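Since the structure comes first, as structure tokens, the remarks are kept for the end.
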Amino acid sequence: LATEIFDGLREVHGLPDGDRDLLEYAALLHDIGEHVAHEGHEKHAAYLVSHGGLRGFDQDELAMVIAIVRWHRRGEVRPDPRHAPLADDAIARCRILTAILRVADGLDRSRHQNITGLAVSVTPTLALLRLDTVADPELEVWGARRKRTLLEACLGREVEFTAHPSGR
């Protein structure tokens, strides 16, 4: 869902494809800290990613993934002395990626993969996410609405959701 939102908002955020890849990795790893403890799982996840010996990332890419994982729950990206610092130009990009992950996480609130896909329409004042669903998405829409504030601030637009059950 995070990469679908990224793709749908590409004309607004203007981020490079490499950031899409980092968002995808962060989305796959963001809840890994739940295996340590639910409380503070974002901090545990950042620690595990930071100390996991992940291969294939340069220092800046790994710092970005760690920051997205670390701040996906609270939203506002801040320096954390326990992890690799972000370059100045990366903070704004990280903020957008974190905002996207927050909304995607909200859209999977039930953890039942009720949202099977989405399409994004953008106007000068609105980003509308059209959700394809298996069942009633009330919980997922509620979760995404709770987490949309940062994305709205990053885009300078309201973010809203409509649901379209597939009937499967």
Side-chain angles (χ1 to χ4, degrees), residues 1-34 40-43 45-46 49 60-80 83 86-133 136-164:
L1 294 175
T3 56
E4 288 183 56
I5 295 169
F6 180 96
D7 293 342
L9 295 173
R10 189 179 296 270
E11 68 183 70
V12 181
H13 62 62
L15 297 175
D17 289 338
D19 283 353
R20 182 186 191 275
D21 294 339
L22 297 177
L23 173 63
E24 183 173 11
Y25 297 128
L28 292 169
L29 294 167
H30 78 282
D31 277 344
I32 195 170
E34 290 276 356
H41 77 274
E42 71 280 8
K43 295 173 190 171
V49 173
D60 292 338
E61 291 169 337
L62 190 58
M64 182 78 89
V65 172
I66 292 166
I68 297 166
V69 166
R70 170 65 180 93
W71 298 109
H72 84 274
R73 204 160 156 226
R74 302 283 181 234
E76 197 53 54
V77 177
R78 295 187 302 265
D80 188 335
H83 305 293
L86 289 174
D88 290 340
D89 67 318
I91 293 173
R93 292 177 18 241
C94 184
R95 195 168 176 253
I96 295 168
L97 297 174
T98 300
I100 291 171
L101 181 56
R102 285 178 55 74
V103 170
D105 194 37
L107 289 173
D108 193 34
R109 178 76 175 147
S110 70
R111 303 297 191 246
H112 291 115
Q113 298 180 339
N114 187 19
I115 309 299
T116 58
L118 58 87
V120 180
S121 300
V122 178
T123 71
T125 60
L126 179 70
L128 180 65
L129 281 68
R130 181 190 186 278
L131 311 173
D132 299 322
T133 69
D136 181 5
E138 183 178 352
L139 180 60
E140 288 81 3
V141 170
W142 173 81
R145 284 184 175 145
R146 287 183 58 229
K147 296 183 173 193
R148 68 183 169 184
T149 306
L150 181 60
L151 186 58
E152 289 175 332
C154 289
L155 301 177
R157 293 167 170 76
E158 288 184 56
V159 175
E160 195 49 73
F161 310 91
T162 61
H164 302 272

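The residues of the chain are indexed from 1 along the displayed sequence. This one's a predicted model, so the numbers in the text were calculated from it and none came from an experiment.
Contact record, Leu129 with Val120: CG-CG2, 4.1 Å, taken as the closest heavy-atom pair. Across all their heavy atoms, Leu86 and Ile91 have their closest contact at CB-CG1, 4.0 Å. When every heavy atom of Arg109 is checked against every heavy atom of Trp142, the shortest pair comes out as NE-CZ3, 3.5 Å. Considering every non-hydrogen atom in both Gly8 and Val122, the closest pair reads O-CG2, 4.0 Å. Closest of all the heavy-atom pairs between Thr3 and Glu24 is CG2-CB, 3.8 Å. Of all the heavy atoms in Ala163 and Thr133, the pair that sits closest is CB-CG2, 4.4 Å.
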Donor-acceptor pairs under 3.5 angstrom involving side-chain atoms of residues 152-160: please list them, not counting sequence neighbours.
unit_1: Glu152; atom_1: OE2; unit_2: Val159; atom_2: N; d: 2.9
unit_1: Arg157; atom_1: NE; unit_2: Thr123; atom_2: O; d: 2.7
unit_1: Arg157; atom_1: NH1; unit_2: Leu155; atom_2: O; d: 3.0
unit_1: Glu160; atom_1: OE1; unit_2: Arg148; atom_2: NH1; d: 3.1
unit_1: Glu160; atom_1: OE2; unit_2: Arg145; atom_2: NE; d: 2.8
unit_1: Glu160; atom_1: OE2; unit_2: Arg145; atom_2: NH2; d: 2.6

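Distance check: Met64 CE to Leu23 CG gives 10.0 Å after rounding to the nearest 0.5 Å. The line from CG of Leu22 to CG of Leu101 is 12.5 Å long, rounded to the nearest 0.5 Å. Here OG1 of Thr116 is found 8.5 Å from CD of Glu4. Values are rounded to the nearest 0.5 Å. Separation of atoms OG (Ser110) and CD1 (Ile115) is listed at 8.0 Å; rounding is to 0.5 Å. Considering CG of Leu1 and CD1 of Ile100, their distance stands at 12.0 Å, rounded to 0.5 Å.
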(request) Test Asn114 against Asp136 for side-chain contact (heavy atoms from CB on, under 4.5 Å), laying out the working first. (result) CA-CA 8 Å; Asn114 187 19; Asp136 181 5; 5.7 Å; no
(request) Report the C-alpha separation of Phe6 and Leu97 in whole Å, then their side-chain angles, then the decisive distance to 0.1 Å, and conclude whether the side-chain contact (heavy atoms from CB on, under 4.5 Å) test is met. (result) CA-CA 8 Å; Phe6 180 96; Leu97 297 174; 3.8 Å; yes
(request) Show your working on side-chain contact (heavy atoms from CB on, under 4.5 Å) between Glu61 and Val65 and close with a plain yes or no. (result) CA-CA 6 Å; Glu61 291 169 337; Val65 172; 5.7 Å; no
(request) Any chance you could lay out the salt bridge (Lys or Arg N to Asp or Glu O under 4.0 Å) test for Asp105 and Arg146, step after step, and finish with the verdict? (result) CA-CA 11 Å; Asp105 194 37; Arg146 287 183 58 229; over 6 Å; no
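A side-chain contact (heavy atoms from CB on, under 4.5 Å) with Leu118 is found for one member of Leu128, Leu107, Thr162, Asp132 and no other, namely Leu107.
Tyr25 meets the ring-ring contact (aromatic ring centres under 6.0 Å, His included) test with Phe57; sequence neighbours excluded.
A salt bridge links Arg10 and Asp7; the closest N-O separation between the charged side-chain nitrogens and carboxylate oxygens is under 4.0 Å.
Contact of the Leu9 side chain with the Leu151 side chain is registered, since non-hydrogen atoms from C-beta on lie closer than 4.5 Å.
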